[in-house]
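Reckoned from all heavy atoms, side chains included, excluding hydrogens, waters and symmetry mates. What you see is a predicted model, and the numbers here were worked out from it, not measured in a lab. Numbered from 1 within each chain, the chains take letters A, B, ... in sequence-line order.
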Amino acid sequence: MMKPSLPQGTRDFSADVVRKRQYIFQTIRNVFELYGFQPLETPAMENLETLMGKYGDEGDKLIFKILNNGLDHPNKKDQAISDFQQVLEGKNNKGITERALRYDLTIPFARYVAMNHGQLSFPFKRYQIQPVWRADRPQKGRYREFYQCDADVVGSASLLNEAELAHIYLEVFRRLQVPVELRINNRKILSALANICGGTDKMTDITVAIDKLDKIGLDKVKEELFQRGLNEIQVELIEKYLAIVGNNDEKLKQAESILGSDEQGKTGLAELKYVIDFMKGTDGSYPLTIDFTLARGLNYYTGTIFEVKANGVQMGSIGGGGRYDDLTGLFGVSGIPGVGISFGVDRIYDVMEESGLFPETIAQGTKMLFFNLGEAESRYAFEIMQQLRNAGIACEIYHEQAKFNKQFKYAEKKRIPYIVIAGSEELASSTCKVKNLETGEQRTINKSEILHSFDY
RNA sequence: GAGGGCGUAGCUCAGUUGGUUAGAGCAUCAGAUUGUGGUUCUGAGGGUCGGGGGUUCGAGACCCCUCGCUCUCCCCA
């Protein structure tokens, strides 16, 4: 007999965990709806070509590909062998695989918009809560199957959208009571930096390196920049850029002095200023932080970029997003700009679990357990129980006659707060006994009064 | 793709320089206890020591291979 197991990086979720996860999903969903976003669901799998080339070289490698069916057909054997030869050389081949599991929710959304742009009214605001899959090596806070919760606005270049999405981030984490830092930057600023230091083609090299600043420190970043082919003057300028400190207003001013001469830099800084001004409190403080080292991996971002870090725990980002000028252009429909954000539920869960942030109240299911004390008794209990169920109160009856000991333990294990004893004595007097397991308090009540006798 | 750590009962783990029949706690089941649980006491079941090969008189332990899990780097949510 085989020993059952799970694929690497996937998990089963037991009742308690599901309830906690639902709590997070529901919180996010409520806020999305509150801001006027509408739900969308797309298939778990997409055509491979829809996904390939959208996430960079690294991303392509992490896409879960689905093997075609029927490869073992005798007539196709030779073809399959030669097709597979190509796969071995690192090329994709339609004869072997033409579908893949979705890698994120943004590209499938872009595909959806491109397919349906004639029917949609713009700006189109959708949210999507579904699992995604990545063929990554699992580790802490990293899974092969995990959920994303995305909200995107397409068909509008207005920076008001950025402000709204930033508020959604703040509101969700306020409701969940997770302390976070919301960081913001703008790709145009990074692009300007690249322009000044070695040309646009160096943008990736520069952003990848400076993104690591808080992890590896300035010296290592400089080292990496040299390795990536930048010269002394360029690195010196980047160092000046990285040395920008202070509050948001001060940071903007310093960045202006370095990048203000560049056309893109000017635009990027103006965009950034617009968004954070929108967030500014009456006391002049900001609920979000400008972080000029923030780069984000996905290469379709062109303007504002966001990232959310949980305070006080060792964990990668728990959310991220940004603006893309022309995502649907990849699918032949251009001129639809958009901006979106994403929540990483699995990481948010881990953070909340680690910090003990889940409310007690969500752990509970059944409110009352009816003891089973015999054939006639259980029929009597059943009748009372159905009154409660009809009133929307979750109850169950013990599945068979058993000793009190057993039935009590069952209730305790399932954390059922009340038990009801309806045996021969109670049957004879049309009553039942309700016991609060936490306090030990027990009352005998008339069976018709059960609905109104307790707070549930 | 690169590099660590760990695999012993359902779970968490002991297991000494290699030495008889591999242990504990928790959990499970039964009894003390056939209408009032959580405590206590007694007893029971449960193991190809991840798998394969090797060294040895003798391997849970040492060596090699392999599988699985986990963590770090890269990258990401």
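Within 4.0 Å (heavy atoms only), A:Ile341 reaches no atom of the nucleic acid at all. Contacts of A:Tyr143 with the nucleic acid, taken as non-hydrogen atoms under 4.0 Å apart, include base atoms. Within 4.0 Å of A:Leu373, counting heavy atoms only, lies no atom of the nucleic acid at all. Nucleic acid contact for A:Gln8: sugar-phosphate only, since backbone atoms but no base atoms lie under 4.0 Å from a heavy atom of the residue. Contact annotation for A:Val208: backbone-only contact, meaning every heavy-atom pair under 4.0 Å involves sugar-phosphate atoms and none involves a base. Among the heavy atoms of the strands lying under 4.0 Å from A:Gly319 are primed sugar atoms or P, OP1, OP2 only; no base atom is included. Residue contacts for A:Lys403: at a heavy-atom cut-off of 4.0 Å it reaches the sugar-phosphate backbone alone, with no base atom in range. Residue-level contact check: A:Leu437 touches the bases, meaning some heavy atom is under 4.0 Å from a base atom. Counting any heavy atom pair closer than 4.0 Å across all strands shown, A:Gln401 reaches no nucleic acid atom. Here A:Ser317 lies in heavy-atom contact (under 4.0 Å) with sugar-phosphate atoms only.
Remark: P of B:U39 and CD of A:Glu412 are 8 Å apart, rounded to the nearest angstrom.
Residue whose closest nucleotide on RNA chain B sits further toward the 5' end, between A:Gly344 and A:Ile421: A:Ile421.
Relative to the ring axis of A:Phe146, A:Arg134 does not place its NZ or CZ within 45° and under 6.0 Å from the centre.
Comparing B:C65 with B:A2, their P atoms are spaced 15 Å from each other, to the whole Å. Spacing between B:G25 and B:G31 at atom C1', rounded to whole Å, works out to 22 Å.
For A:Lys413, a side-chain nitrogen or oxygen approaches OP1 or OP2 of B:U28 to under 4.0 Å.
B:U34 is unpaired under the criterion used here, namely a Watson-Crick or G-U wobble arrangement in which both key atom distances are under 3.5 Å. Pairing of B:A14, defined by two Watson-Crick or G-U wobble distances under 3.5 Å, is not identified with any nucleotide. Of the nucleotides present, B:C67 is the one that pairs with B:G7 by Watson-Crick or G-U wobble criteria, both distances under 3.5 Å. Using Watson-Crick or G-U wobble geometry with both donor-acceptor distances under 3.5 Å, B:U72 finds its partner in B:A2. Pairing of B:G46, defined by two Watson-Crick or G-U wobble distances under 3.5 Å, is not identified with any nucleotide.
Aromatic pair A:Tyr241/A:Phe292: ring centres closer than 6.0 Å. Between A:Tyr410 and A:Phe371, the ring center distance fails the sub-6.0 Å criterion. Note: A:Phe64 and A:Tyr103 fail the aromatic proximity criterion, with ring centroids not under 6.0 Å apart.
Near RNA chain B, meaning a heavy atom under 4.0 Å from it, residues 144-154 of chain A has A:Phe146, A:Gln148 in order of number.
A salt bridge is defined here as a Lys NZ or Arg NE, NH1 or NH2 lying under 4.0 Å from an Asp or Glu carboxylate O, and A:Lys447 with A:Glu383 meets this definition.
Judged by distance alone with a 3.5 Å cut-off, a donor-acceptor contact links the side chain of A:Arg134 to the base of B:A77.
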